[in-house]
Amino acid sequence: MKCGNDAVGGIYNWRMRGECSHGLRAARALAEWQKREGRRNLPWQKGRDPYKIWLSEVMLQQTRAAAVVPYYRNFLARFPTVAALARAEEDEVMAQWSGLGYYRRAANLHRSAKLVAARGAFPRDWEALRALPGVGKSTAGAIAVFAFGERRAILDANAKRVLARLFAVGGAADSAAGERVLWRIAESVLPPREIIRPYTQGLMDLGATVCLRANPHCNRCPLAKYCRAHKTGAENEYPKKLPRKNKPSRQTAMALIVCGEKTLLQKREGKGVWRGLWSLPENADAETLRKQWRKLLPGLRKMPRRLILRHEFTHYKLTAEVLIFRAKQQPPGDWRWTAQKDLPQTALPSPIRKLLAADNGKGNAI
DNA sequence: AAGCCGGGGGT
DNA sequence: ACCCCAGGCTT
């Protein structure tokens, strides 16, 4: 049996028959490389506090490590323990997350913290981790490895890329079928527990610093001699991707309502983007929006100027016409009047934060 | 299986 | 412009 077969059966043979130690040697090479040349300055790599590992892994979902670092520090400074997080107000948790994106993660984290506090104990193994909302297979695997030293697989974007190249996986890595193949590979090539930590960290570090998406540095790769894609010079062919669809454009209208130093904000509920964040009142139709708020706030004056807010999400482009109003007073309601100085502690979406910063609370921005 | 959910940096 | 990132959940 030849090693490095791209059929999954070959990979099983690789380990189980033990006649060929290629797989284990590759894993050891990766672990050794990680200890020598892996990333070591990331703040969540210091200890083994399961809470901190969990927090980092959730923040790192679909988010580059460099972007996470400041959020991780600030979040931990404010919520140093899972108990502190469980006691916190939702708004404050979201405010700490503001700008990081995928806000459901923060809501799930908070919900999980309450579950953990109610139970009185943090999860101690993969199964219990996996039961937390927002912790899928890969995140549970990473936490189980780093916090508990369990022998579990991960399949983040780094591991996907490394394994897809190593075994020249033909299916699209972002398809369900491709993921199934990659999971089976990831689970079948796991080394013994004694090196599971540096091995797992090595997969991530290699993917992030050497096995790059475009033009990987195969000359510096400890796995090059085991890599099927490299053997044929086809590194850039992997991982295969599904063809991407084009983004639709959506139109909406928002109201920037200012009274003195304060701006009217509404908490977004429902199913769409930015759920749980404070934003400007919105309606798909500008005229409806104007009528609606003139009724809610008597004496509202519409300013002649208006802004155009453009923002791209992962799956659509948004163009918002921002109508500007001045209010005479600040009546209470299903909204909040927020002073300019309180914006930094407010859970705003990034584009709204930028808009309000540029506006500087005067309602006549840009 | 496909869609939804953010934002920013790299190319 | 287009790409993708320490993915998970809902439909």
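Per chain, numbering begins at 1; letters A, B, ... match sequence-line order.
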Looking at [N], I'd like to know if its phosphate oxygens (OP1 or OP2) sit under 4.0 Å from a side-chain N or O belonging to [X].
X: A:Arg104; N: B:dG6; answer: no
X: A:Arg180; N: B:dA1; answer: yes
X: A:Trp97; N: B:dG6; answer: no
X: A:Lys354; N: B:dG6; answer: no
X: A:Tyr316; N: B:dG3; answer: no
X: A:His311; N: B:dG6; answer: no
X: A:Gln62; N: C:dG7; answer: yes

Atom-to-atom span, [atom1] of [X] to [atom2] of [N] - whole angstrom:
X: A:Leu277; N: B:dC5; atom1: CG; atom2: P; result: 13 Å
X: A:Asn108; N: C:dG8; atom1: CG; atom2: P; result: 11 Å
X: A:Trp54; N: C:dG7; atom1: CH2; atom2: C1'; result: 16 Å
X: A:Arg105; N: C:dG8; atom1: CZ; atom2: P; result: 11 Å
X: A:Met94; N: B:dG7; atom1: CE; atom2: P; result: 11 Å
X: A:Lys160; N: C:dG7; atom1: NZ; atom2: P; result: 8 Å
X: A:Lys271; N: C:dT11; atom1: NZ; atom2: C1'; result: 8 Å

> Which part of the nucleic acid, if any, lies within reach of A:Lys245 when heavy atoms closer than 4.0 Å are counted: base, sugar-phosphate only, or nothing?
Replying inline: sugar-phosphate
> Base, sugar-phosphate alone, or nothing: which one does A:Ala176 contact when heavy atoms must sit under 4.0 Å apart?
Replying inline: sugar-phosphate
Nearest to the side chain of [X], heavy atoms from C-beta on, is which of [options]?
X: A:Val273; options: C:dC9, C:dG7, B:dC5; result: B:dC5
X: A:Asp205; options: C:dC4, C:dA6, C:dT10; result: C:dA6
X: A:Ser138; options: B:dG7, C:dC4, C:dG7; result: C:dG7
X: A:Leu42; options: C:dA6, C:dC5, C:dT10; result: C:dA6
X: A:Tyr102; options: B:dG6, C:dA6, B:dC4; result: B:dG6
X: A:Thr139; options: C:dT11, C:dG8, B:dG6; result: C:dG8
X: A:Arg64; options: B:dG6, B:dG9, B:dC4; result: B:dG9
X: A:Tyr103; options: B:dC5, C:dA6, B:dG6; result: B:dG6
X: A:Lys241; options: C:dA6, B:dG6, C:dC4; result: C:dC4

> Does A:Ser350 get its side chain close enough to the base of B:dG8, under 3.5 Å, for a donor-acceptor pair?
Replying inline: no
> With under 30° as parallel and over 60° as perpendicular, where do the rings of A:Phe313 and A:Tyr316 fit, or are they tilted in between?
Replying inline: tilted
> Is it the case that more than 12 heavy atoms not belonging to A:Arg36 sit under 6.0 Å from its CZ atom?
Replying inline: yes
> What pair of heavy atoms forms the shortest contact from A:Met59 to A:Phe75, and how long is it?
Replying inline: CE-CB, 3.7 Å
>> Can you confirm whether or not the ring centre of A:Tyr103 sits under 6.0 Å from the ring centre of A:Trp274?
In response: no
>> Within the 3.5 Å criterion, strictly below it, is a donor on A:Arg105 or A:Asn108 matched to an acceptor on the partner's side chain?
In response: no
>> Just by distance, no angles: are the side chains of A:Asp285 and A:Asn283 close enough, under 3.5 Å, to form a donor-acceptor pair?
In response: no
